[in-house]
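Since the model is a prediction, treat every value here as computed from it, not as a measurement. Naming: A, B, ... by sequence-line order, numbering from 1 per chain.
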There are 2 protein chains.
Amino acid sequence: MEICPSNALPVRIGDKWTAWVVRLLEHGPRRFTELRKDMGRVTPKVLTETLRAMERDGMLTRTEFDEIPPRVEYELTELGHSLRALLDHTCAWTRENLPLIEAARRANDEADHARTA
Amino acid sequence: MEICPSNALPVRIGDKWTAWVVRLLEHGPRRFTELRKDMGRVTPKVLTETLRAMERDGMLTRTEFDEIPPRVEYELTELGHSLRALLDHTCAWTRENLPLIEAARRANDEADHARTA
DNA sequence: ATACACGGTTACCGCAACGAAACCGGGGGC
DNA sequence: GCCCCCGGTTTCGTTGCGGTAACCGTGTAT
């Protein structure tokens with residue numbers, strides 16, 4: 001259920017969950033509970049915060065339907081969709097370079113251990 | 001002395017100063033004090049942290065010269081240089097879309113005020 | 001003796017992000 | 001009466017990023 005390896009490293013778009021939301025909405029609107037289920041462990045509080053921030057910035061729209069049980073749909077705006085290309089570049093870069101970063105980390109860790117020992 | 005408008009909004013590469021360092025190093029190695037002067041208000045502590053993290057991830061190298069006064073040069077590795085393209089995309093996206101984001105924020109703020117009043 | 005240059009380190013602190021757990025209201029089903 | 005659904009809210013606590021201010025060692029210049 002990984003959206004992109006970018007979650008593991010120093011390159012990030014927006015805050016922790018924004019990119020994930022963009023990915024989940026890129027093929028059409030979805031509702032709160034669907035998003036919640038499809039994202040790793042997000043608490044409703046944090047998901048609400050993320051969605052409200054994105055709405056405020058014009059990345060998505062929030063639509064309430066007068067139904068029982070309640071239904072609320074989140075849908076990317078054009079601005080939100082425009083993030084996809086950027087996200088693609090980021091993911092591509094990460095897929096190419098994450099191994100190098102991890103190798104560098106391992107090498108530096110070893111050097112540190114050698115110095116400490 | 002702005003590197004890219006990305007500092008003002010929810011799209012960011014790495015932590016607060018990483019992109020800036022990449023920009024300052026893209027045309028060759030520089031030393032600690034030079035970086036410090038050219039970046040907005042960075043404290044030495046935070047700059048050290050940023051540089052150490054980037055070094056650990058293989059983005060740049062740190063070279064000490066045995067001179068008086070001390071000289072230390074930071075230089076991008078190939079991995080560090082590969083960030084430039086990503087940075088360019090991010091800056092381009094931001095330049096194109098920041099006005100839209102700001103417009104959305106203003107619109108939402110007005111709506112909030114109207115509701116509160 | 002004092003000050004300055006370089007490249008930092010150390011101790012402390014505030015804020016925002018993130019998370020865990022409980023709770024809410026309006027309805028429906030058993 | 002009880003629990004479930006949905007879409008949240010509320011409270012509390014933790015973590016981590018970033019910032020402030022002071023200090024450090026080594027050497028050189030005045």
Side-chain angles (χ1 to χ4, degrees), chain A residues 1 3 6-21 24-25 29-57 59-75 105 112 115-116, chain B residues 1 3 6-21 24-25 29-57 59-75 105 112 115-116:
Chain A
M1 202 50 91
I3 269 345
S6 300
N7 279 327
L9 87 162
V11 176
R12 242 177 55 189
I13 302 291
D15 57 16
K16 187 169 179 184
W17 301 104
T18 303
W20 208 291
V21 171
L24 289 177
L25 293 183
R30 312 196 67 181
R31 30 204 310 204
F32 190 85
T33 309
E34 289 177 316
L35 292 173
R36 211 187 147 181
K37 270 188 297 219
D38 289 349
M39 295 162 72
R41 320 183 159 271
V42 210
T43 59
K45 182 199 136 204
V46 175
L47 182 53
T48 304
E49 284 170 358
T50 303
L51 292 169
R52 293 279 201 273
M54 292 176 74
E55 188 194 3
R56 181 169 167 276
D57 285 346
M59 305 279 184
L60 51 77
T61 58
R62 176 180 182 278
T63 312
E64 272 182 75
F65 295 86
D66 247 342
E67 298 176 6
I68 299 289
R71 182 158 63 101
V72 177
E73 280 191 352
Y74 295 91
E75 182 167 20
R105 286 184 181 173
D112 287 353
R115 229 170 287 127
T116 310
Chain B
M1 204 48 90
I3 268 344
S6 300
N7 278 329
L9 87 163
V11 175
R12 242 176 56 191
I13 302 291
D15 56 16
K16 186 168 178 184
W17 300 103
T18 303
W20 209 291
V21 170
L24 289 178
L25 293 183
R30 313 196 66 180
R31 24 201 317 201
F32 190 85
T33 309
E34 289 177 317
L35 293 173
R36 208 186 149 182
K37 269 188 299 218
D38 289 349
M39 295 162 72
R41 321 184 159 270
V42 209
T43 59
K45 182 201 135 200
V46 174
L47 181 53
T48 304
E49 284 171 358
T50 303
L51 293 170
R52 294 279 201 272
M54 292 176 73
E55 188 195 3
R56 181 168 167 277
D57 285 347
M59 305 279 184
L60 52 77
T61 58
R62 176 179 182 278
T63 311
E64 272 183 74
F65 295 86
D66 246 343
E67 298 177 4
I68 299 291
R71 182 159 63 100
V72 177
E73 281 191 351
Y74 295 91
E75 183 167 21
R105 286 184 181 173
D112 288 351
R115 228 169 286 128
T116 310

To the nearest angstrom, the CG-C1' distance between B:D66 and D:dG27 comes to 13 Å

Side-chain N,O (A:R52) to OP1/OP2 (D:dG8) below 4.0 Å: yes

State which of D:dG8, C:dC6, D:dC6 makes the closest approach to the side chain of A:R31. D:dC6

Separation of C:dG8 P from B:E34 CD (nearest whole Å): 13 Å

For A:D38 against A:W20, the heavy-atom pair lying closest together: O-NE1, 3.7 Å

Looking at every heavy atom in both B:I13 and B:T18, which two are closest together, and how far apart are they? O-CB, 4.2 Å

Euclidean distance, A:E73 CD relative to A:R71 CZ, rounded to 0.5 Å: 5.0 Å

Quickly work out the A:E73 CD to D:dG8 C1' distance and round it to whole Å. 16 Å

Rounded to whole Å, please give me the gap between CG in B:L51 and C1' in C:dT9. 15 Å

To the nearest angstrom, how far is A:D15 atom CG from C:dG19 atom C1'? 14 Å

Atom CG of B:L47 and atom P of C:dG7: how far apart are they, to the nearest Å? 11 Å

Indicate for each nucleotide in nucleotides 20-30 of chain C, in 5' to 3' sequence, whether protein heavy atoms under 4.0 Å reach the base (B), only the sugar-phosphate (S), or nothing (-). B------S---

Any B:T48 side-chain N or O less than 4.0 Å from OP1/OP2 of C:dG8: no

Any side-chain heavy atom of B:L51 sitting closer than 4.5 Å to one from B:L35? yes

Over all heavy atoms of both residues, which pair between A:L24 and A:R30 is shortest? Give the atoms and the distance, please. O-CD, 3.1 Å

Atom pair distance, as rounded to whole Å: CZ in B:F65 and P in D:dG27: 19 Å

Might you point out which heavy atoms bring A:M39 and A:V21 nearest each other, and give the distance in Å? CE-CG2, 3.9 Å

Under-4.0 Å side-chain N/O to phosphate OP1/OP2 contact, B:R71 with C:dG7: no

I need the CZ-C1' distance between B:R36 and D:dT20, as an integer number of Å. 12 Å

Is there side-chain contact between A:R31 and A:V72, with at least one heavy-atom pair below 4.5 Å? no

Bend of the helix from C:dA1-D:dT30 to C:dC30-D:dG1 from end-axis comparison, five pairs per end, nearest 10°, comes to 30°

Work out which heavy atom in A:Y74 is nearest to a heavy atom in A:R52; give both atom names and the distance. OH-NH1, 3.8 Å

Heavy atoms only: give me the nearest A:P44-A:R36 pair and the separation to one decimal. CD-NH2, 3.5 Å

